[in-house]
Each structure stands twice: as structure tokens, then as C-alpha cells.
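Comments concern the structure below.
Throughout, residue positions are numbered sequentially from 1 according to the sequence presented.
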Amino acid sequence: MNEQLVINGIDNKKCVMTNAKPFLKWAGGKTQLLNELNSRLPLLIIQKREIESYIEPFVGGGAFFFFLKNNYNVKESFLIDSNKELIVGYRAIQNNVEDLIFELKDIESRYLQLSDEDRKEFYYNIREEYNTQKDTFNYFMYNSDWIRRASYLIFLNKTCFNGLFRLNRNGSFNVPFGKYNKPKICDKENLYEVSKALIDTEIICADFEESKKYVKKGSLLYLDPPYRPLSSTSNFTSYNESGFGDCDQVRLSEFFKEMDKKGAYLILSNSDPKNIDKDDDFFDKLYSGFIIERVSAKRYINSKGNGRGPINELIIRNF
């Protein structure tokens, strides 16, 4: 049964279209910031419960996208990410969710009946096959091979250490095995909901700047780039081989300003360097002239327990 959300005192029964949630565990996912982001939407969108055009150039786990699809009438949406493995997952669900569920059920039944030691071996065998396959895999033309690769992506995500997605410089997935008693590898109900949420959605593998061709006056853009590391040791996750450094953050700020001139509504989130150095005004300078707010968040994925407490994150918008 679909849960109905009440947000900011508004009962959303009439505008719940799906009940989807992210199908992957994703470092930096925005589940905990949903109410903060929702409360900052343009007033007209909140009042009408309708979004004409939604664009997310760093879709990642898609928490905010699914939230919006569950609670608003989103007329058209464009999901973009440079991570080609992630796009394989989204498009497999969009095009062949039944076949993907069949693959995942098979993997899950085989995996769960194994001993702990055999599960570990099973995991590393799948990881090896996944990494070997990338050298010959056709990422440009959708075909039946995408189902198997998406099933491996989901399996590895649900059974690896802390649900990280991390690639080395060769583009190989290198997260170690995670010991979970009964991981839910095939979440059939949610995969169906995700496939419904992706109806009439364009899914594109590209750099964020490619999204500008879809932006028009009144479009809503949510920008959630790989966060700027708070320290030299905190950059534990690389979502693609090339990473996302300060030059890219500067490039993104120029994109933000360009889309602002087109009349789009822009919301951006990022880490707050002032958590570590109160004099670090990197983002304050980049987005001078826009609304910059600091909101409390909790760091959930960190190798040290004392690194999981409340910190500030930035929410930047142009309206």
C-alpha cells in the first residue's frame, strides 16, 4: 500500500504518482535533505503541485527525483549523469524491469543459500566478471546485455562494503565485500515503482553541461555534483574515472550562472568547507549574488564512527 506523505502541512494524497525510492545505496544520497530541498522549491510549484520541466544533471541515486515524482505532477524530466554504469541501471529498469527482476531473483536465491565464506567468493567472482566485461561492453546501444550488467551493479551495491560505488583510475569497481546477513538484492516492488517513475523520462549519459540543451525558462534544475572533499582523506568515493575537482566546481558555477540567465529555477547542494576551515569561502565566492544557506546534515558513510556526526551542507539557489 502506498504511503501518503504530509509535507509542510500539505496532504499530498491527490498528487502521489508513484511510491518509488532509490534502487541503489548511494554515497551522498539526499534522502535526509528531502524536506529541506522541498521547502525551498519555487512557491508556484508548491502551490500547484506541478512541475513543467525537471532536469537533474547529476542524478546519482535519484532521491530527490523520486521524491518529486511521488509528490508532484512532473510533466517532463531529464536525468543525466556521466557515470555510464549508473545510466545502464536506470535504462534497464526503464526498458525491461521484468527481465531485470528475473535476473536479480536468480542471483539472490543463489547467494542467500551460501555460507559466509562462499558468499564472499561469489561476490568477488561477480565483481571480477563485472570489471572484465566493461572492456567489451557496448555502453552506447541498448541491448539485452544491459540487463545482466544492471543486475550485477545492483547485486554489488547491495552486498559490498557500506554500499559504496567507487571506481579506480582504470574504471574498475574496487569496493570490498560487505558482510550482511540477509541483504535485499531484489526489491521487486520498488523496481516496479521506479520503472513507473521513469515513464516519459529521458535518461542520458553525459557531462552536466549537456543538460543545457533541455533547459528553458521555468525549468527546475537540481544540481547535486560529487561533493568537494572536506579533507584530503575524505574523498573516498569516485563515481567515474576522471573524478570531479575544483576546476569542475568552477565550471559548474559558470553553468549555474548561464542557466540563471535563461530563467531556470536552480537549486544546488554541496559540502560546506567551513566545517573544517571557517575561512574557506570557496563556494561563497563562486556563488556570490545567489542565496547560500547552511543546513545541518549527518554524514552516514565514513570509516570512522566519530566522522558520522552532524555537519553543515550548502543549499544554493537563484530564487
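No salt bridge links Lys257 with Asp260; every basic N to acidic carboxylate O contact stays at or beyond 4.0 Å. Using a 4.0 Å cut-off between charged nitrogen and carboxylate oxygen, Lys216 and Glu76 count as a salt-bridge pair. Salt-bridge formation is detected for the pair Arg110/Asp106: a Lys NZ or Arg NE/NH1/NH2 atom is positioned less than 4.0 Å from an Asp or Glu carboxylate oxygen. A salt bridge links Lys196 with Glu193: at least one charged nitrogen is closer than 4.0 Å to a carboxylate oxygen. For Glu293 and Arg40, the salt-bridge test passes: some basic side-chain N is under 4.0 Å from an acidic carboxylate O. Looking at Arg294 and Asp284, a side-chain N of the basic residue comes within less than 4.0 Å of a carboxylate O on the acidic one, giving a salt bridge.
Residues Phe155 and Tyr130 keep their aromatic ring centres 6.0 Å or farther apart. The aromatic ring centres of Tyr222 and Tyr54 sit 6.0 Å or more apart.
Residues Leu266 and Leu44 do not share a hydrophobic cluster, defined by chaining ILVMFWY side chains whose heavy atoms lie under 4.5 Å apart. Under the 4.5 Å side-chain heavy-atom criterion for Ile, Leu, Val, Met, Phe, Trp and Tyr, Ile291 and Phe256 are members of distinct hydrophobic clusters. Neither Leu104 nor Tyr180 shares a network with the other; the hydrophobic side chains, linked directly or stepwise wherever heavy atoms of I, L, V, M, F, W or Y lie under 4.5 Å apart, form separate groups for each. In the hydrophobic clustering of ILVMFWY residues, with side-chain heavy atoms under 4.5 Å counting as a link, Tyr124 and Ile107 come out together. Note on Val250 and Tyr287: same hydrophobic cluster, where clusters join Ile, Leu, Val, Met, Phe, Trp and Tyr whose side-chain heavy atoms are under 4.5 Å apart, directly or indirectly.
Around atom NZ of Lys25, more than 12 heavy atoms belonging to other residues, nucleotides or ligands sit under 6.0 Å away. In the displayed structure, Lys105 atom NZ is contacted under 6.0 Å by at most 12 heavy atoms of other residues, nucleotides or ligands. Around atom CG of Asp200, no more than 12 heavy atoms belonging to other residues, nucleotides or ligands sit under 6.0 Å away. For Phe102, the CZ atom is loosely surrounded, since the number of other residues' heavy atoms within 6.0 Å does not exceed 12.
Within the 4.5 Å cutoff, side-chain heavy atoms of Phe255 are placed close to those of Leu252. Inter-residue side-chain proximity for Asn95 and Tyr142 is flagged as met; some heavy-atom pair is nearer than 4.5 Å. In this structure the side chain of Phe283 reaches within 4.5 angstrom of the side chain of Pro273, judged on heavy atoms. Using a 4.5 Å heavy-atom threshold, the side chains of Tyr192 and Ile101 count as touching. Considering only heavy atoms from C-beta on, Phe66 stays 4.5 Å or farther from Lys21 through its side chain. Between Asn38 and Tyr72, the closest side-chain pair of non-hydrogen atoms falls below 4.5 Å. Residues Asn138 and Asn143 form a side-chain contact, since some pair of their non-hydrogen atoms from C-beta on lies under 4.5 Å apart. With contacts defined as side-chain heavy-atom distances shorter than 4.5 Å, the pair Leu86/Phe165 does not qualify.
Looking at every heavy atom in both residues, Ser195 comes nearest to Ile93 through CB-O, 3.5 Å. The shortest non-hydrogen separation linking Ala297 to Leu33 is CB-CD2, 4.3 Å. The two residues Pro225 and Ser269 come nearest to each other via the heavy atoms CD-O, 3.5 Å. Of all heavy-atom pairs spanning Pro22 and Ala63, the tightest one is CG-CA, 3.7 Å. Nearest heavy atoms, Pro183 versus Leu112: CD-CD2, 3.9 Å. In this structure, Ala150 and Gly89 approach most closely via the heavy-atom pair CB-CA, 4.0 Å.
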**Item:** Chi angles and distances behind the side-chain contact (heavy atoms from CB on, under 4.5 Å) call for Thr159, Phe122
**Value:** CA-CA 11 Å; Thr159 57; Phe122 186 96; over 6 Å; no
**Message:** For Glu121 and Asp118: C-alpha separation, side-chain torsions, deciding distance, then whether side-chain contact (heavy atoms from CB on, under 4.5 Å) applies.
**Reply:** CA-CA 5 Å; Glu121 182 181 359; Asp118 287 341; 4.1 Å; yes
**Asked** Should Arg91 and Asn96 be marked as a side-chain contact (heavy atoms from CB on, under 4.5 Å) after you check the CA-CA gap, both sets of side-chain angles, and the distance that decides it?
**Response** CA-CA 8 Å; Arg91 291 194 61 197; Asn96 296 93; over 6 Å; no
**Item:** Audit row: Thr201, Phe65, side-chain contact (heavy atoms from CB on, under 4.5 Å) steps and yes/no
**Value:** CA-CA 11 Å; Thr201 297; Phe65 165 73; 3.9 Å; yes
**Message:** Please determine whether ring-ring contact (aromatic ring centres under 6.0 Å, His included) holds for the pair Tyr111 and Tyr123, giving the CA-CA distance in whole Å, both sets of side-chain angles, and the decisive distance to 0.1 Å.
**Reply:** CA-CA 9 Å; Tyr111 180 80; Tyr123 173 86; 8.1 Å; no
**Message:** Could you go through Glu313 and Tyr227, starting from their C-alpha distance and side-chain angles, then the distance that decides it, and tell me whether this counts as side-chain hydrogen bond (donor to acceptor under 3.5 Å, both in side chains)?
**Reply:** CA-CA 10 Å; Glu313 292 191 8; Tyr227 275 18; 2.8 Å; yes
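A donor-acceptor contact shorter than 3.5 Å is absent between the side chain of Arg119 and the backbone of Lys179. The backbone N or O of Gly171 lies less than 3.5 Å from no partner atom in the side chain of Lys134, so there is not a single donor-acceptor pair. A donor-acceptor contact shorter than 3.5 Å is absent between the side chain of Asp81 and the backbone of Leu79. Using modelled atom types, no side-chain atom of Asn162 and backbone atom of Leu164 make a donor-acceptor pair closer than 3.5 Å. Within the 3.5 Å criterion, the main-chain N or O of Phe208 finds a donor-acceptor partner in the side chain of Ser211. Side chain of Trp146 to backbone of Tyr139: no donor-acceptor contact under 3.5 angstrom is found. Judged by distance alone, with hydrogens and angles left aside, the side-chain atoms of Asn170 form no donor-acceptor pair with the main-chain N or O of Ser172 at under 3.5 Å. For Arg166 (side chain) and Asn174 (main-chain N/O), a donor-acceptor pair under 3.5 Å exists by modelled atom type. No donor-acceptor pair closer than 3.5 Å links the side chain of Glu103 to the backbone N or O of Ser151. The backbone N or O of Asp224 sits nowhere less than 3.5 Å from a side-chain atom of Lys30 that would complete a donor-acceptor pair.
Checked by atom type, the side-chain pair Gln249/Asn270 shows a donor-acceptor distance below 3.5 Å.
A distance of 8.0 Å separates CG of Asn131 from CZ of Phe173, quoted to the nearest 0.5 Å. For the atom pair CZ of Arg49 and CD1 of Ile46, the computed distance is 7.0 Å after rounding to the nearest 0.5 Å. Here the OG-CD distance, from Ser82 to Glu210, works out to 11.5 Å after rounding to the nearest 0.5 Å. Separation of atoms CG (Leu24) and CG (Leu153) is listed at 5.0 Å; rounding is to 0.5 Å. Interatomic distance, CG of Asn73 versus CD of Glu52, reported as 8.5 Å (0.5 Å rounding). Atoms CD1 and CD1, from Ile185 and Ile154 in turn, are 10.5 Å apart once rounded to the nearest 0.5 Å.
With respect to Tyr265, the side chain to side chain contact (heavy atoms under 4.5 Å, CB included) criterion is satisfied by exactly one of Leu41, Ile51, Leu221, Leu220: Leu220.
A cation-pi arrangement is present between Arg149 and Phe137, with the terminal nitrogen or guanidinium carbon under 6.0 Å from the aromatic centre and inside a 45° cone about the axis.
Between Phe64 and Phe67, the ring-plane angle classifies as parallel under the 30° and 60° cut-offs.
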